[in-house]
Amino acid sequence: MTRNIPATEWHPARWQGKEAQQQPTYPDQAELDRTVAALSKLPPIVTSWEVDALKSHIARAQRGEAFVLQGGDCAETFDECTSENIVAKLKILLQMSLVLLYGLKKPIVRVGRMAGQYAKPRSADTETRDGTTLPSFRGDLVNRSAFTEADRVPEPQLILRGYERAALTLNFVRSLVDGGFADLHHPEYWDLDWVGHSPMADEYRGIVESISGSLDFMETILGRELHHAQRADIYAAHEGLHLLYEQAQTRYLERRGRWYNLTTHFPWIGMRTAQLDGAHVEYFRGIANPMGIKIGPGMTREWLQELIRVLNPNNEPGRLTLIHRFGARSVEQHLPEMIAAVRETGSPVLWVCDPMHGNTESTADGVKTRRFDNVVAELESAFRVHAEQGSYLGGVHLELTGEDVTECTGGARGLTDNDLARAYKSTVDPRLNYEQAMEVAMRIAGLRRG
Ligand code: PEP
Ligand code: CO
């Protein structure tokens, strides 16, 4: 698994010599060490073949030949690791990818924020309620969300519980996909409630019929079934935040001569942990996975260029995805400079727009929400700026759910601040519900059609 490593060479624990942001402080070091050792012996969640396949899909998207749909919860929770939830998420991703395929006329690469999205960065280390201050909730991988002293203590065992749920989630997704659930010949398998009563239902059905018609036509001409259409791959992604979790499942593969993070296909570095001299960048530079870097208003030209040099020194295609999240109001101001800065490095990158994290706001009652119009406005601006700069926006990164929650306002059903209390389930950021998510997909498909 691990080998004898010369002190100067990169290895999965080398980040421990650097300053690591956003890591929990565990009271029991011995138990933590035992847990990490146990996790490092368990089988991987993904394989290097899958990781490399995703990298080649991303390389295609970098060349403008594919589009990447990334989506899922802000934070997965252990409680929501259920059959219904996983199926609903898979359904909405498949439905959206069908709409995008139809509108963009390009293969869609599906990447779930799932099977490991259990650790969250926090802007403050503590939270105060009614005069009581406790450590912040850092995601189910670390501690518990209930506001008691005992619940907020970081517990090493949760690392293993998270690994197990990630594996259960991906195992179920793989079985569904292999069993025919993602077959383009049967889009009716993916129907969600909204299809029955939404203002967008007719449009969606029209798209489904059109694609089915095209498939029939092709198969009639070819005289055989298109096997390629029977299986839509779903890849897994999460923020590579909790470095002991990532480290424990990082393996050296002799036949490839490289280290792989095998907890997920696609880890990303969040805005709060992208310091050049920090532990996260040190960890990420040594793994072979394709990876994302989140870019917000605080990013500078020099910082971004140096990140690219450190993380992709050989300009490898498929390696880097830049996920920008500037907010509807400042995307036009910041994005052109970032595009120019990247061009100077010579590294291929995939540009993806996250129209969620720059558009978070609070209602008068202090409820965290996002306005549908801001989400769409940021996307529209991003497509326009990339086109003006001769660049290609090759993907979208969304916080969404396959359920009928009320966390973001607006959309075809015109949800208002007053609706939020009805079905607000997220413990962290507000997600698009299934209908709002589909509407975003339709807007992207429409935007790109003309
Ligand atoms: C997230 O993706 O949930 C997140 C915390 O994003 P960012 O690092 O861009 O704020
Ligand atoms: Co979030």
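Basis for what follows: all heavy atoms, side chains included, without hydrogens, waters or symmetry-related copies. As the structure lists them, so they are numbered: ligands from 1, and atoms in each ligand from 1. The chain is numbered in sequence order, starting from 1.
Near Arg113, meaning under 4.0 Å from one of its heavy atoms, ligand 1 places the atoms 1 (C), 2 (O), 3 (O). Counting atoms of ligand 1 from 1 in the listed order, those under 4.0 Å from a heavy atom of Gly270 are 8 (O). Interface of Cys74 with ligand 1, defined as ligand atoms under 4.0 Å from a residue heavy atom, comprises 3 (O).
Scanning the protein for heavy atoms near atom 7 (P) of ligand 1, the closest one is Lys294 NZ, 3.5 Å. Regarding atom 8 (O) of ligand 1, its nearest protein heavy-atom neighbour is Met271 N, 3.1 Å. The protein atom (non-hydrogen) at minimum distance from atom 3 (O) of ligand 1 is Lys120 NZ, 2.7 Å. The nearest heavy-atom contact from the protein to atom 9 (O) of ligand 1 is Arg325 NE, 2.6 Å. Atom 1 (C) of ligand 1 has as its closest protein heavy atom His357 NE2, 2.9 Å.
No donor-acceptor contact under 3.5 angstrom links the side chains of Gln275 and Gln21, judged on distance only. Judged purely by distance below 3.5 Å, without hydrogens or angles, the side chains of Thr132 and Asp130 never pair a donor atom with an acceptor atom.
Neither the backbone nor the side chain of His238 has any atom closer than 4.0 Å to an atom of ligand 1 (non-hydrogen atoms only).
Here's the thing with Arg272: one of its N/O atoms is less than 3.5 angstrom from an N/O atom of ligand 1. On a distance-only criterion, Asp354 and ligand 1 share no N/O pair closer than 3.5 Å.
Of the options Tyr245, Phe78, Phe137, Tyr163, a ring pair (Phe, Tyr, Trp, His ring centres under 6.0 Å) to Tyr118 is made by Phe78 and by none of the others. The only member of His357, His280, His397 that meets ring pair (Phe, Tyr, Trp, His ring centres under 6.0 Å) when paired with Trp268 is His397.
Taking the centre of each ring, His265 and His57 stay at or above the 6.0 Å mark.
Side chains of Glu378 and Cys353 form a contact here, defined as non-hydrogen atoms less than 4.5 Å apart.
Remark: side-chain polar atoms of Arg370 are not paired, donor with acceptor, to backbone N or O of Asn359 under 3.5 angstrom.
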Item to check | Steps toward salt bridge (charged side-chain N to carboxylate O under 4.0 Å, His left out) verdict (Arg161, Glu155) | outcome: CA-CA 10 Å; Arg161 300 292 89 78; Glu155 214 179 286; over 6 Å; no
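Take the Co ion (ligand 2) as the corner point: the lines to OE2 of Glu399 and to OD2 of Asp429 open at 140°, to the nearest 10 degrees.
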